[in-house]
Amino acid sequence: MQLLDTIETDTGPNPTATIIFLHGLGDSGHGFAPFAQELDLSAAGPVRFIFPHAPMRPVTINGGYVMRAWYDILGADLVRREDETGLRESQALVQALIARENERGIPSARIVLGGFSQGCAMTLLTGLRHGERLAGLVGLSGYLPLAAQTAAERHAANHGVPVFLAHGRQDPVIPIARALASRDALLALGHPVEWHEYPMPHSVCGPEVEHLTRWLTTLLGAPARPR
C-alpha cells in the first residue's frame, strides 16, 4: 500500500514515541503541524510528530467539490448516512502509518493516534480496531463513527485504551451532543475517557492545548529504555 504524504517533526534525536495527528475536512497536515511546537512533551523524551495529508476526494455536502477528506460527508446527519467505504479505506491508510512506525523501531504501545474533526473520527475508528495496544487516542472536536458497530469490531488489544476527548460548546459543525454521545459510548465500553469542553466553536483553544499537554506527558511518561 502506498503511504500517505506526511509532515514529520522530531523533538530530538532517536525518538522513543510517535504522535500521529490527523487533520479535518479540507485541511492538510500543515494545519496542525504547529502542534509540534505547542505541545511541550520534553518530560516524555524525544517524540516524532507525524501530520499526514488526507487523500483528495469529492465531498457531497460541499457540492462534490474535490478536497482533502478522510471520507465523504453525505449530508448534515452524521449518524444515519455515513461513508463506510471511505472510512474503511482511510482506516487502512492510517494503519499503514502505524506499521511504518513499528518498522522504524517505535512499538505500538508508544504510539498516540489523534485528530481533529474528521481526523478525530478516523482516530477512534482506527485506534479501537488496531491489532496491537496503542498508547492512547486523542479526539478533538469530533465524534465516534460507525458507532453501532464499534462494540463488535473493536480489537481486544485496545480494550481500555485511554482516550482524551475535547469539544467546543458552540461548535456549529459537530454539535456537542454528538460528542457527548460518543464519550458516553466509549465509557460504556470501558475506556477511561478524559473529557474537556470549552466555550469555543469548531476550533482549538489555549486551555485545550494545556490540558492535552498534561495528559500526553502523563500517558507517555519517561522514555522507554532501549532493549
Side-chain angles (χ1 to χ4, degrees), residues 1-6 8 15-23 29 41 44-45 47-55 69-71 82-140 142-165 182-194 212 215-216 218-221 223-227:
M1 177 180 295
Q2 184 175 356
L3 284 173
L4 292 167
D5 290 332
T6 63
E8 295 190 12
T16 60
T18 296
I19 296 175
I20 302 172
F21 199 88
L22 313 174
H23 63 77
L41 303 179
V47 175
R48 174 178 297 130
F49 285 88
I50 298 178
F51 303 97
H53 306 303
W70 296 106
Y71 52 92
E82 294 189 89
D83 174 22
E84 183 169 352
T85 298
L87 283 161
R88 304 287 190 188
E89 289 174 352
S90 287
Q91 177 188 350
L93 293 171
V94 176
Q95 286 176 326
L97 290 177
I98 297 172
R100 184 182 66 169
E101 286 309 289
N102 296 155
E103 294 170 358
R104 297 164 85 180
I106 307 295
S108 295
R110 294 288 292 172
I111 296 176
V112 176
L113 186 60
F116 175 83
S117 195
Q118 271 204 346
C120 168
M122 287 310 311
T123 291
L124 298 178
L125 178 81
T126 307
L128 298 176
R129 291 164 175 77
H130 191 63
E132 292 185 339
R133 178 68 171 220
L134 297 168
L137 307 177
V138 175
L140 309 183
Y143 63 94
L144 176 67
L146 305 182
Q149 297 158 241
T150 301
E153 294 183 358
R154 67 188 182 129
H155 197 283
N158 279 291
H159 283 191
V161 66
V163 182
F164 179 99
L165 293 180
S182 299
R183 178 201 64 183
D184 293 346
L186 293 173
L187 288 171
L189 290 172
H191 294 279
V193 178
E194 180 166 326
L212 179 56
W215 185 84
L216 287 170
T218 301
L219 183 75
L220 294 174
R225 294 178 179 273
R227 295 181 178 179

Quick one: pull up [atom1] in [X] and [atom2] in [Y] and give me the separation to the nearest 0.5 Å.
{"X": "Thr150", "Y": "Leu125", "atom1": "OG1", "atom2": "CG", "result": "7.5 Å"}
{"X": "Ile106", "Y": "Ile19", "atom1": "CD1", "atom2": "CD1", "result": "11.5 Å"}
{"X": "Leu134", "Y": "Leu113", "atom1": "CG", "atom2": "CG", "result": "6.5 Å"}
{"X": "Leu146", "Y": "Glu82", "atom1": "CG", "atom2": "CD", "result": "5.0 Å"}
{"X": "Asp83", "Y": "Arg88", "atom1": "CG", "atom2": "CZ", "result": "11.0 Å"}
{"X": "Ile111", "Y": "Thr18", "atom1": "CD1", "atom2": "OG1", "result": "5.5 Å"}

Dump the intermediate steps for side chain to side chain contact (heavy atoms under 4.5 Å, CB included) on Arg100 and Thr6, then the final yes or no.
-> CA-CA 12 Å; Arg100 184 182 66 169; Thr6 63; 3.9 Å; yes
Minimal non-hydrogen separation, [X] against [Y], with atom names:
{"X": "Gly139", "Y": "Cys120", "result": "CA-SG, 3.4 Å"}
{"X": "Pro52", "Y": "Leu22", "result": "CG-CD2, 3.4 Å"}
{"X": "Pro162", "Y": "Arg133", "result": "CD-NH2, 3.9 Å"}
{"X": "Leu93", "Y": "Pro55", "result": "CD1-CG, 3.7 Å"}
{"X": "Arg183", "Y": "Val193", "result": "CG-CG1, 3.9 Å"}
{"X": "Val161", "Y": "Gly136", "result": "CG2-CA, 3.9 Å"}

Stepwise side chain to side chain contact (heavy atoms under 4.5 Å, CB included) test for Leu4 and His53 | CA-CA 6 Å; Leu4 292 167; His53 306 303; over 6 Å; no
Any side-chain heavy atom of [X] within less than 4.5 Å of one from [Y]?
{"X": "Thr123", "Y": "Val138", "result": "no"}
{"X": "His191", "Y": "Leu124", "result": "no"}
{"X": "Phe49", "Y": "Leu41", "result": "yes"}
{"X": "Leu128", "Y": "Leu186", "result": "yes"}
{"X": "Phe164", "Y": "Leu140", "result": "yes"}
{"X": "Val47", "Y": "Leu216", "result": "no"}
{"X": "Met122", "Y": "Tyr71", "result": "yes"}

With a 3.5 Å distance limit and no angle check, can you tell me whether [X] reaches the backbone of [Y] through a side-chain donor-acceptor pair?
{"X": "Gln95", "Y": "His130", "value": "no"}
{"X": "Arg154", "Y": "Leu189", "value": "yes"}
{"X": "Trp70", "Y": "Glu89", "value": "no"}
{"X": "Ser182", "Y": "Tyr143", "value": "no"}
{"X": "Asn158", "Y": "Glu132", "value": "yes"}
{"X": "Arg129", "Y": "Glu153", "value": "no"}

So, Arg104 and Glu101, do they make that salt bridge, N to O below 4.0 Å?
->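 Looking at Glu101 together with Arg104, the answer is yes, because their closest N to O distance falls below 4.0 Å.
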